[in-house]
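Have a look at the structure below, then the notes.
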Amino acid sequence: MRQPNGFCFTHFPVMACLVDRTLQLFVPTLFRLQRALLLSVFILLPNTTLQAGGLKPVLVDSNGQAKHYSLETVREIFFMRLGSWPDGSPIHVFVLPDNHPLHVRFAKEILGVYPFQLRSAWDRIVYSGTGVAPTTVETPEEMQMRIKGTPGSIGYMGE
Amino acid sequence: MFAALTLLLPFNASALEWHNGDWQMHGFLGQGFTYTDHNQVFGTSRDGSLDFREMGVNASAKLLPNLLVSAQGIYRDTGGSDTLGTRLDFAQVDYSAPLFDSALVLGVRGGRVKVPFGLYNDTRDVLWTRPTVLLPQSIYFDTLALRQAMISADGGLLYGRYTYGEHRLNLEFMVAQPQDNTGGGPAFLTNIPNAQGELGGRPMFIGRALYEWMGGRGRLMFSVVDLDRDFHSSSPTTPSGNIKVMYPLFSGQYNAERWSLTAEYGWIDSQRSNTLPTLTKNPSENFYVQGEYRITSDISGVLRYDVFHLDRDDRDGKALSQLTGLPSHRFYARDLTVGARWKFARNFLLAADYHYINGTAWLNDKDNPDLMNGGGTSDWSLFTMMLSFRF
């Protein structure tokens, strides 16, 4: 056991007075801090930011098979970690630019990841030579056209 | 150079690909600026140094759906610490086989391959894949001569990936000859200044295991380097000997929409045979904690505390200082970093970071010759900025 602090005992009334004054000053500030903290937690939490774009993204592929694939397979495809479909034919992936509202919604709502995670994974495979980047198209219309014209391709559109 | 960069502004990111993306070319071009108030980093940074350039071009071809051939050449210049100029970064063939409805992928890669180590090593020459202009130096040494040996190596790699629901496991095992005879590697590993001779012997082993949860929201990683090299001296005054290095590294990351929290912790345990000078038999201590905040999708900020102790049983460097006669700040470095990044166009990135550093352990003596005779300043600041273009 530690010995009680002598200073605390001899100066107790002074200390109590000081503590009281300090509390009077700090309690309102503490409440304000707590409110700010709570607010910032809401801001910092995932999934609470603004919804992007008006159209709901859906997966599209040239064979019309996409809906049969599991989420983990679709994720692996869009992270560019799978080269071929189960029948051995090559996969071609089309995406919209990183900031396109439909791309943002597709990443978050269909793949369950954030666009920056996709970009960071693509950059890593491209600059380490361990894979290829998806083909970026500029508009949803261009995406639909490219998917129609490319066997084994996959992308998304707004509904 | 900046004028040349601005000419590239309207360049389309996806322009250089053929056969629906099966053949691709990519590249990057970065020019940095470094200023320090004391000590020198990447050239004569006390006067503001522009000796920080990194550029690379690569080509990849999917010859078959699961057969990839790729190569990358890099030019890098960072003052006295990198004088290799142009180099072949990787040239490799990769084959992978998806099994069990693509839940399991097994693959093999051979040639000159990138060294799989930690969260940032694989693509550390590209600003776009680094959180800051200067990576945490406790783990990713950029001014020391060990760098080239950590970048890429000649050999092969086996890998496996397994996904199950929200869980994903990635394993890599590499056996390769490190590039430790370039860029001052022998002197650094033997601890003999200007060592004349060659390193050889057993190739290095590297293993890396990654567990990812919810598509990468949570990531846990363990990497380990096992190096066992023989130094064959070519000078009668320099001894030959053996160097063994074990470098385990634990990494963790959490990615939310707005912020990411990252930490890595490791230690370097090196043992030199009796003939070679040995400073300490104790392992080092290397770690950092980093927070990133994305204000918009194009602007982000980063805060990091990065610590390197050459001997984890002598954190203040006093024992090593007494042993060597060098100031104790040579044996540790603690770096508090604040940084910002701005992608102001699809292919352009401007990044800047400010470092307040206590200690000089990761500074090199080529840029700082006075470190060899007791010079150097223990508390110093570093500001670095880089503009990078990529396609």
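A, B, ... follow the sequence lines: proteins, then strands. Residue 1 opens every chain. Worth knowing before you read on, the calculation uses all heavy atoms, side chains too, and leaves out hydrogens, waters and symmetry mates.
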Residue B:L119 versus chain A: region with a heavy atom under 4.5 Å:
backbone
Part of A:D123 within contact of chain B (heavy atom distance under 4.5 Å)
both
Under 4.5 Å to a heavy atom of chain B? For A:T73 that would be side chain
By a 4.5 Å heavy-atom criterion (distance strictly below it), what part of A:F116 contacts chain B: side chain, backbone, both, or neither?
side chain
Less than 4.5 Å to any heavy atom of chain A: does that hold for the side chain of B:N58, its backbone, both, or neither?
side chain
Between the side chain of A:S62 and the main-chain N/O of A:P151, is any donor-acceptor distance below 3.5 Å?
no
Heavy-atom distance under 4.5 Å to chain A: side chain of B:E212, backbone, both or neither?
side chain
Checking A:Y69 against chain B: side chain, backbone, both or neither under 4.5 Å from a heavy atom?
neither
Between B:N255, B:D94, B:D298, which residue shows the highest count of heavy-atom pairs closer than 4.5 Å to chain A?
B:N255
Which one wins on heavy-atom pair count under 4.5 Å against chain B: A:S89, A:G129, A:P115?
A:G129
Among residues 81-88 of chain A, which ones touch chain B with a heavy-atom distance under 4.5 Å?
A:R81, A:L82, A:G83, A:S84, A:G88
Any chance the rings of B:W342 and B:F348 have centres within less than 6.0 Å?
no
Okay, side chain of B:R390, backbone of B:N347: is any donor-acceptor separation there less than 3.5 Å?
no
Best-contacting candidate, B:P98, B:S297, B:S96, B:G27, against chain A by heavy atom pairs under 4.5 angstrom:
B:G27
Return yes if some donor-acceptor pair links the side-chain N/O of A:W122 with the main-chain N/O of A:F78 below 3.5 Å, else return no.
yes
Is it the side chain or the backbone of A:I77 that comes within 4.5 Å of chain B heavy atoms, both, or neither?
neither
Should the pair B:R76-B:D89 be classified as a salt bridge under the 4.0 Å nitrogen-to-oxygen rule?
no
I'd like to know if the side chain of B:E264 reaches the main chain of B:M221, judged simply by a donor and an acceptor atom lying under 3.5 Å from each other, with no hydrogens or angles considered.
no
In terms of side-chain geometry, is the basic nitrogen of B:R87 or B:D125 positioned less than 4.0 Å from the acidic oxygen of its partner?
no
Scored by heavy-atom pairs under 4.5 Å with chain A, the best of B:D22, B:V105, B:D101 is B:D22
If we define contacts as heavy-atom pairs under 4.5 Å, which of B:S60, B:A91, B:S102, B:G107 has the most with chain A?
B:S102
Once the angle between the rings of B:W259 and B:Y254 is folded into 0 to 90°, is it parallel (under 30°), tilted (30 to 60°) or perpendicular (over 60°)?
tilted
Describe, in one word, how the ring planes of B:F391 and B:H26 are oriented to each other, choosing from parallel (under 30°), tilted (30 to 60°) and perpendicular (over 60°).
parallel
Spell out, as yes or no, whether a donor-acceptor pair under 3.5 Å connects the side chain of A:Q117 to the backbone of B:G216.
yes
Taking side chain as everything from C-beta outward and backbone as N, CA, C, O, which of these in B:S260 sits under 4.5 Å from a heavy atom of chain A? Side chain, backbone, both or neither.
side chain
If you count heavy-atom pairs under 4.5 Å with chain A, which of B:S70, B:G21, B:G215 comes out on top?
B:G215
Among B:K114, B:R161, B:H167, which residue has the highest count of heavy-atom pairs closer than 4.5 Å to chain A?
B:R161
Do the charged groups of A:E159 and A:K56 touch, with an N to O distance under 4.0 Å?
no
Output yes when B:E292 and B:R341 qualify as a salt bridge under the 4.0 Å nitrogen-oxygen rule, no when they do not.
no
Aromatic ring pairing B:Y164/B:Y162, orientation class (parallel under 30°, perpendicular over 60°, tilted between):
parallel
Is it true that B:R168 and A:E76 make a salt bridge, defined as a side-chain N closer than 4.0 Å to a carboxylate O?
yes
Let me know if A:T130 has heavy atoms under 4.5 Å from chain B in its side chain, its backbone, both or neither.
both
Honestly, the part of A:V113 sitting under 4.5 Å from a heavy atom of chain B is side chain
Distance-minimising heavy-atom pair for A:L96 and A:H100:
CD1-ND1, 3.6 Å
Side chain, backbone, both or neither: which part of A:A133 has a heavy atom under 4.5 Å from chain B?
both
Portion of A:R75 that has a non-hydrogen atom of chain B nearer than 4.5 angstrom:
side chain
Judged by atom type as modelled, is there a donor-acceptor pair below 3.5 Å linking the side chain of B:Q179 to the main-chain atoms of B:S152?
yes
